[in-house]
Amino acid sequence: MNAISTQLNISEIISNIKKEEILHISIPVDVYLREAEDLARWMVKDLEELAKIGITQAQLNDLQERISALREAQTSWVEDKKSMPAIQDKWNKIAKTSESLEQDLISSYRFAFRKHPELLDKINKIARKKKQVDLVMDMGKLAMLGESNSSLLETIGFDMNQLKQAQELSEESSDILAQLNNFKIDGKETKHYRDQAYTYLKFLMNQLKEGGKYVFRNHPDRLKGYKSEYVSKKNLHARRKATQTQK
């Protein structure tokens, strides 16, 4: 992961990071990106000293590329995450409408088909408790069953517009369900890639920070640029909390 490859582009390198190699994200990604950008700027003044331990401009350029890759990956993941509630809300609403219509249709069908055991058997199979996803198929089945036996429904004064509504709900819910399933797949993929990109950046960041801390171990004014402000504040907060607890 630390080598700069001329054969693979950065997205391919990131994608090749194995699941077991992915590092836990212990700091908000946006914060980490900001700290990475700060480090890149900080290192510019120190390159002459850092070169003594093998840190060069090439690694600084690599750092910038990894920052850009993570920023793009994070943006994609955030956009996917934002779209999920809207899609889920649409599905919840249409599922509720479908459940209500299904119950109404089944009640009407059972009465209209009461003298036809084979039709009642079909209704009973549809009426069995099931997952919401089955509503998509059930609406279509109920619409077709009603159309095929419209004369029996007409004898009980059934509103035939309900069959059209059932068919429309079947088509609409099918589209929304496809969007929901696509998100579950694509969303997992974008998050996985984001985590891979974070790992790829962190691997280099750790190397550069370790090098900087060593080179400037006796120069506090430069050393501070190789430490995480976020982690320092978090540790300080933890120490203060521990102290207050002991009192």
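Computation of the quantities below employed the complete heavy-atom set of this structure, encompassing side-chain atoms and omitting hydrogens, waters and symmetry-equivalent molecules.
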I would like to know whether Asp121 and Lys125 meet salt bridge (charged side-chain N to carboxylate O under 4.0 Å, His left out); could you show each step before the answer?
CA-CA 6 Å; Asp121 185 55; Lys125 286 180 180 178; 3.7 Å; yes
Taking side chain as C-beta onward, heavy atoms only, is [X] less than 4.5 Å from [Y]?
| X | Y | answer |
| --- | --- | --- |
| Gln167 | Leu142 | no |
| Met160 | Ser150 | yes |
| Asp80 | Lys191 | no |
| Gln196 | Asn16 | no |
| Val215 | Lys52 | no |
| Ile13 | Asn9 | no |
| Asn124 | Arg110 | yes |
| Ile25 | Lys202 | no |

Count I, L, V, M, F, W, Y as connected when their side-chain heavy atoms are under 4.5 Å apart, and connections chain through other members. Are [X] and [Y] then in the same cluster?
| X | Y | answer |
| --- | --- | --- |
| Trp77 | Leu33 | no |
| Val29 | Val31 | yes |
| Phe111 | Ile123 | yes |
| Leu208 | Tyr214 | yes |
| Leu201 | Val78 | no |

Rounded distance (nearest 0.5 Å) linking atom [atom1] of [X] with atom [atom2] of [Y]:
| X | Y | atom1 | atom2 | result |
| --- | --- | --- | --- | --- |
| Lys141 | Leu105 | NZ | CG | 14.5 Å |
| Met139 | Leu101 | CE | CG | 5.0 Å |
| Glu72 | Ile14 | CD | CD1 | 9.0 Å |
| Leu223 | Arg217 | CG | CZ | 10.5 Å |
| Ile67 | Glu35 | CD1 | CD | 11.5 Å |
| Asp195 | His24 | CG | NE2 | 10.0 Å |

Between the main-chain N or O of [Y] and the side-chain N or O of [X], is there a donor-acceptor pair closer than 3.5 Å?
| X | Y | value |
| --- | --- | --- |
| Ser76 | Thr190 | no |
| Asp62 | Ala58 | no |
| Ser173 | Leu169 | yes |
| Gln64 | Asn61 | no |
| Arg66 | Tyr200 | yes |
| Ser15 | Ser11 | yes |
| Arg222 | Trp42 | yes |

So does [X] have more than 12 non-hydrogen atoms from other groups sitting under 6.0 Å from [atom1]?
| X | atom1 | value |
| --- | --- | --- |
| Lys213 | NZ | yes |
| Glu229 | CD | no |
| Glu118 | CD | yes |
| Met137 | CE | no |

Within the 3.5 Å criterion, strictly below it, is a donor on Asp46 or Tyr226 matched to an acceptor on the partner's side chain?
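Yes, because at least one side-chain N or O of Asp46 sits under 3.5 Å from a partner of the opposite role on Tyr226.
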Are a donor atom and an acceptor atom from the side chains of Gln88 and Asn92 found within less than 3.5 Å of each other?
yes
Any chance you could lay out the side-chain contact (heavy atoms from CB on, under 4.5 Å) test for Leu120 and Lys115, step after step, and finish with the verdict?
CA-CA 8 Å; Leu120 286 176; Lys115 297 180 181 179; over 6 Å; no
Verify side-chain contact (heavy atoms from CB on, under 4.5 Å) between His192 and Ile22, making sure each step is shown before the conclusion.
CA-CA 9 Å; His192 181 68; Ile22 293 176; 3.3 Å; yes
Please report the closest heavy-atom contact between [X] and [Y], naming both atoms and the distance.
| X | Y | answer |
| --- | --- | --- |
| Leu153 | Ala112 | CD2-CB, 3.8 Å |
| Glu65 | Ile10 | O-CD1, 3.5 Å |
| Tyr109 | Gly146 | OH-CA, 3.3 Å |
| Leu163 | Glu147 | CD1-N, 3.7 Å |
| Thr97 | Gln165 | CG2-NE2, 4.3 Å |
| Ile55 | Gly211 | CD1-CA, 4.1 Å |

Could you walk me through whether Glu21 and Phe203 satisfy the side-chain contact (heavy atoms from CB on, under 4.5 Å) test, starting with their C-alpha distance in whole Å, then the side-chain angles of each, then the deciding distance to 0.1 Å, before giving a yes or no?
CA-CA 10 Å; Glu21 295 176 326; Phe203 189 84; over 6 Å; no
Taking ring-ring contact (aromatic ring centres under 6.0 Å, His included) as the test, write out the residues that go with Tyr32, two or more places apart.
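Testing Tyr32 for ring-ring contact (aromatic ring centres under 6.0 Å, His included), a comparison that skips the adjacent residues, returns Tyr198.
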Fit a plane to each ring of Phe216 and His219, take the angle between them on a 0 to 90° scale, and name the class: parallel (under 30°), tilted (30 to 60°) or perpendicular (over 60°).
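Plane angle over 60°, so perpendicular.
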Give the intermediate values and the outcome of side-chain contact (heavy atoms from CB on, under 4.5 Å) for residues Lys209 and Ser228.
CA-CA 9 Å; Lys209 284 186 174 184; Ser228 169; 3.8 Å; yes
Give a yes or no on whether a salt bridge exists between Asp89 and Lys93, defined as a side-chain N under 4.0 angstrom from a carboxylate O.
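Looking at Lys93 together with Asp89, the answer is yes, because their closest N to O distance falls below 4.0 Å.
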Checking Asp175 against Gln179 for the side-chain hydrogen bond (donor to acceptor under 3.5 Å, both in side chains) test, could you report, in this order, the C-alpha distance in whole Å, the side-chain angles of both residues, the deciding distance, and whether it holds?
CA-CA 6 Å; Asp175 290 340; Gln179 292 177 41; over 6 Å; no
